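Beneath this line is the structure, given in structure tokens, with notes to follow.
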Protein chains: 2
Amino acid sequence: MKPSQRKIEIITTAAQLFKEKGYSAVTMRDIAKAMHIKAASLYNHINSKQELLSHIIISLAEDFTTGMKEVKTAEISSIEKLKKLVALHVSISSNNTYEMASLNNDWMHLEAELDYYLKLRKDYEENLRKIIKTGIQNNEIIDVNPEVVLFSMLSTLRSLYIWIPKKEDLDIQQFTQDLSNVLLKGITK
Amino acid sequence: MKPSQRKIEIITTAAQLFKEKGYSAVTMRDIAKAMHIKAASLYNHINSKQELLSHIIISLAEDFTTGMKEVKTAEISSIEKLKKLVALHVSISSNNTYEMASLNNDWMHLEAELDYYLKLRKDYEENLRKIIKTGIQNNEIIDVNPEVVLFSMLSTLRSLYIWIPKKEDLDIQQFTQDLSNVLLKGITK
DNA sequence: TTACAAAACTAACACTTGTTAGTTTTGTTT
DNA sequence: AAACAAAACTAACAAGTGTTAGTTTTGTAA
């Protein structure tokens, strides 16, 4: 059973508030007020506050997992794979700026689905690590500690949700290109 | 009047808990329990929960401000300035892994000192932006959107506190060197 | 040993939290 | 107009929140 329209509205409102103050600091009364109803009315549509967080984070995490699966099985070079992952992150982040905040900052407040989330994240990181290591073996990527490359890329990609909405008239395609250049080719002449 | 030893212990304990769950999800009873005392006893040493957060964030932010002031007035190339900033972030982050979490994730819960914090952060970002722009004009840095460079560097540097403690026997000097290479020269051969 | 301050304690406060139960309103279909 | 479900409401709960007041314990200096 997929969520009703009203439930989706509640989840979206919750995500917006979670981005501003974090899951723990947002009360059910805050969410209700933003929707111009009373807190108790929310429970005609949802089961718990936790369910809101869970839906926001898990569906996003699964989007990333799906994207990674496509990239890693593609028959392209390691560098091309990394470029595709940059595009994946820009795409998902620009379409889910609120939800990405929860994914990054509130995952530790997951209860029932914490283990599942952690597995998805670990798998994602290991796939990315493999791509980088293969790239080094292939001589596509410089011979530097792969952990540093992994860390640096992932840090930037995970912060996109903060920056994208700050730039009003952002050309997503141009931005993706620029970011790929900076991340892969560096900034030095 | 500088904080007493016991007050420093409370702040440190608080910072550790804030890193795990965030400011809002940590109660005074949590902090007290971690110190094997009762919550009310904390108030013999501190004035409020807010004071804990404020001390953690503001003193760190001022460290960065001090570091930036030294870098920007140094008579070195733009690239050298960026290298110094990488070293500054690695140094502060590795010595304050708990506190850095609050700086990154809980600044919005500051009350009296929110405006001051925002000013420090804005000034820091503008100084970094200036260094990057000068580097582009100097032909030291490739001609790409400086906002993308700023964003990419800062995202990575701000996430150091997550990664550094995960690597147990990390050679800080080597790591600083590797990170500078990856951020400035890129990863492509 | 007495005196005193530092630092712990117990008890309680006013308020906020997520959530439930039961009821009324709203809107649509017969 | 009658019937029914969807979605709002009021009222309340048990538990947890930061903090205060007043008291007792602990450790140290006279």
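Note on naming: letters A, B, ... go to the chains in the order of the sequence lines (proteins, then strands), and numbering restarts at 1 for each one. Note that this is a predicted model, so its numbers are computed, not measured.
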Starting the side chain at C-beta, find the nucleotide from [options] nearest to [X].
X        : options                  : result
His45(B) : dT19(C), dT10(D), dA8(C) : dA8(C)
Lys38(B) : dA8(D), dC9(C), dA7(C)   : dC9(C)
Ala39(A) : dA11(C), dA8(D), dT19(C) : dT19(C)

| Flag side-chain contact, heavy atom, 4.5 Å: Thr65(A) against Asp123(A) |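 No, too far: nothing below the 4.5 Å cut-off.
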Could you tell me whether [X] contacts a base, only the sugar-phosphate backbone, or nothing, with contacts defined as non-hydrogen atoms closer than 4.0 Å?
X        : result
Arg29(A) : base
Ser4(B)  : nothing
Thr27(B) : sugar-phosphate

Interatomic distance where [atom1] belongs to [X] and [atom2] belongs to [N] [whole Å]:
X        : N       : atom1 : atom2 : result
Leu42(A) : dA7(D)  : CG    : P     : 13 Å
Tyr43(B) : dA12(C) : OH    : P     : 19 Å
Ile46(B) : dG18(D) : CD1   : C1'   : 10 Å
Met28(B) : dT17(D) : CE    : C1'   : 11 Å
Lys49(B) : dT17(D) : NZ    : C1'   : 9 Å
Leu17(A) : dT17(C) : CG    : P     : 13 Å
Lys33(A) : dG18(C) : NZ    : P     : 14 Å
Ile37(B) : dT25(D) : CD1   : P     : 18 Å

| Lys119(A) with Asp115(A): basic N within carboxylate O range, under 4.0 Å | no
| task | Determine, stepwise, if the pair Met28(B) / Ile31(B) fulfils side-chain contact (heavy atoms from CB on, under 4.5 Å). | result | CA-CA 5 Å; Met28(B) 297 305 284; Ile31(B) 299 171; 4.2 Å; yes
| Would the Tyr124(B) and His89(B) ring centres measure less than 6.0 Å apart? |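 Aromatic pair counts; centres sit under 6.0 Å.
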| Could a donor-acceptor pair under 3.5 angstrom be found where the side chain of Asn44(A) meets the base of dA6(D)? | no
| said: Whether Ser41(A) contacts dA7(D) is assessed here as follows: a side-chain N or O lying under 4.0 Å from the phosphate OP1 or OP2. Is that the case? | reply: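 Checking Ser41(A) against dA7(D): no side-chain N or O falls below 4.0 Å of OP1 or OP2.
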| With under 30° as parallel and over 60° as perpendicular, where do the rings of Phe175(A) and Phe151(B) fit, or are they tilted in between? | tilted
